[in-house]
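What follows is a set of notes on a single structure, which appears directly below.
In what follows, every heavy atom counts, from backbone to side chain, and hydrogens, waters and symmetry copies are set aside.
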Amino acid sequence: DALPRTKGRQFSINQRMTLNYLFLGDIVRAESYVKKNEALLSESRSWQNSEPYRSAWAANVENAKGRVLEARGRLAEAEAAFQRYLALERDALVKSKSWPNPPQPGGFESAIDFGLTSLGRVRANQGRVAEGESDVRRALLGRLKAVGKYHGDTAQIIENLHREDVHALDEAEAYER
């Protein structure tokens with residue numbers, strides 16, 4: 001018996017809802033979608049033929065969880081969630097090659113690069129600016145290699161790198177005072 005296609009799609013939908021509510025400033029509602037995804041991930045263990053997809057689904061859960069934790073200012077926990085997200089996303093990239101209908105090439109790599117920017121952001125916001133900047137620079141190199149310098153993804157990563165540079169300058173000025 002094959003896994004119904006729509007069940008697994010709910011993870012991405014819930015993750016997108018989390019991000020949308022965070023954008024609107026509604027952390028409580030965003031967190032409710034993380035909880036829905038956590039329950040769905042637990043339920044997925046009983047689904048037939050779902051194992052090859054589980055790391056991709058768990059990655060959606062960890063990314064959304066990291067975003068909510070970051071919004072709540074729980075940066076060390078957000079960092080751990082983003083690290084788990086990256087490990088799961090890399091595992092999903094490998095496993096996706098055996099899926100009956102694999103995703104478009106580059107999708108997982110893009111997600112990994114943007115995950116690195118999230119990791120870098122929370123590290124920088126914890127005062128580990130050099131570490132955070134290094135993460136964002138690695139993401140930038142990944143996007144430049146994959147899509148070139150005139151792509152929107154590259155521009156977004158550069159914007160994140162700029163934020164880290166401004167953060168570093170602010171800290172340097174505060175130290176000088």
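Taken from CG in Asp26 to CE in Met17, the straight-line distance is 10.0 Å, to the nearest 0.5 Å. If you take CD on Glu109 and CG on Asp153, they are separated by 12.0 Å, rounding to the nearest 0.5 Å. Rounding to the nearest 0.5 angstrom, the gap separating the CZ atom in Arg138 from the CG atom in Leu116 is 5.0 Å. The distance from the CG atom of Asp135 to the CD atom of Glu79 is 8.5 Å, given to the nearest 0.5 Å. Note that CH2 of Trp99 is 10.5 Å distant from NZ of Lys97, once rounded to the nearest 0.5 Å. If you take OG1 on Thr117 and CD on Glu159, they are separated by 10.5 Å, rounding to the nearest 0.5 Å.
A heavy-atom distance below 4.5 Å is found between the side chains of Ser110 and Arg143. Contact annotation: the side chain of Glu62 never approaches that of Phe82 to less than 4.5 Å [non-hydrogen atoms, C-beta and beyond]. Side-chain contact between Leu88 and Arg54 is absent, with no heavy atoms from C-beta onward closer than 4.5 Å. By the 4.5 Å heavy-atom criterion applied to side chains, Phe108 and Val94 are not counted as neighbours. Using a 4.5 Å cut-off on side-chain heavy atoms (C-beta onward), Ile158 and Thr154 make contact.
Clustering ILVMFWY residues whenever any of their side-chain heavy atoms sit less than 4.5 angstrom apart, transitively, puts Leu144 in a cluster other than the one holding Val147. Put simply, Val28 and Leu24 are part of two different groups of oily side chains (I, L, V, M, F, W, Y) that touch within less than 4.5 Å, one to the next. Under the 4.5 Å side-chain heavy-atom criterion for ILVMFWY residues, a single connected hydrophobic cluster contains both Tyr85 and Ile112.
When all heavy atoms of Gln15 and Asn37 are compared, the closest pair comes out as N-ND2, 3.8 Å. Closest of all the heavy-atom pairs between Asp113 and Ala139 is O-CB, 3.1 Å. The shortest heavy-atom contact between Arg137 and Leu161 is CG-CD1, 3.8 Å. Gly120 and Val136 get closest at one heavy-atom pair: CA-CG2, 4.2 Å. Between Ser96 and Pro103, the shortest heavy-atom contact is CB-CD, 3.9 Å.
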- Query: After noting the C-alpha distance and the side-chain angles of Leu40 and Trp47, does the key distance pass the side chain to side chain contact (heavy atoms under 4.5 Å, CB included) rule?
  - Reply: CA-CA 11 Å; Leu40 190 62; Trp47 300 345; 3.8 Å; yes
- Evaluate the side-chain hydrogen bond (donor to acceptor under 3.5 Å, both in side chains) criterion for residues Ser12 and Arg16: first the C-alpha distance (whole Å), next the side-chain angles of each, then the deciding distance (0.1 Å), finally the verdict. CA-CA 6 Å; Ser12 294; Arg16 180 49 67 200; over 6 Å; no
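Checking Asn160 against Gln156 by side-chain atom types alone, no donor-acceptor pair falls below 3.5 Å.
Under a 3.5 Å cut-off, the side chain of Ser42 and the backbone N or O of Ala39 do not form any donor-acceptor pair.
Screening Arg84, Gln83, Arg90 against Leu86 for a side-chain contact (heavy atoms from CB on, under 4.5 Å) leaves a single residue, Arg90. Test Thr18, Asn20, Leu19, Ile13 against Tyr33 for side-chain contact (heavy atoms from CB on, under 4.5 Å) and you get one pass: Thr18.
Counting non-hydrogen atoms of neighbouring residues, nucleotides and ligands closer than 6.0 angstrom, the NZ atom of Lys95 exceeds 12 such neighbours.
For Glu133 and Arg128, the salt-bridge test fails: no basic side-chain N is under 4.0 Å from an acidic carboxylate O. Residues Arg67 and Glu70 are not paired through a salt bridge, judged by the lack of any N-O separation under 4.0 Å between the basic side chain and the carboxylate. Using a cut-off of 4.0 Å between Lys/Arg side-chain N and Asp/Glu carboxylate O, Glu38 and Lys65 are scored as salt-bridged.
Using cut-offs of 30° and 60° on the angle between ring planes, the pair Phe11 and Trp57 is parallel.
In this view, Ile27 and Leu22, Val68, Ala71, Arg72 satisfy the side chain to side chain contact (heavy atoms under 4.5 Å, CB included) rule, not counting sequence neighbours.
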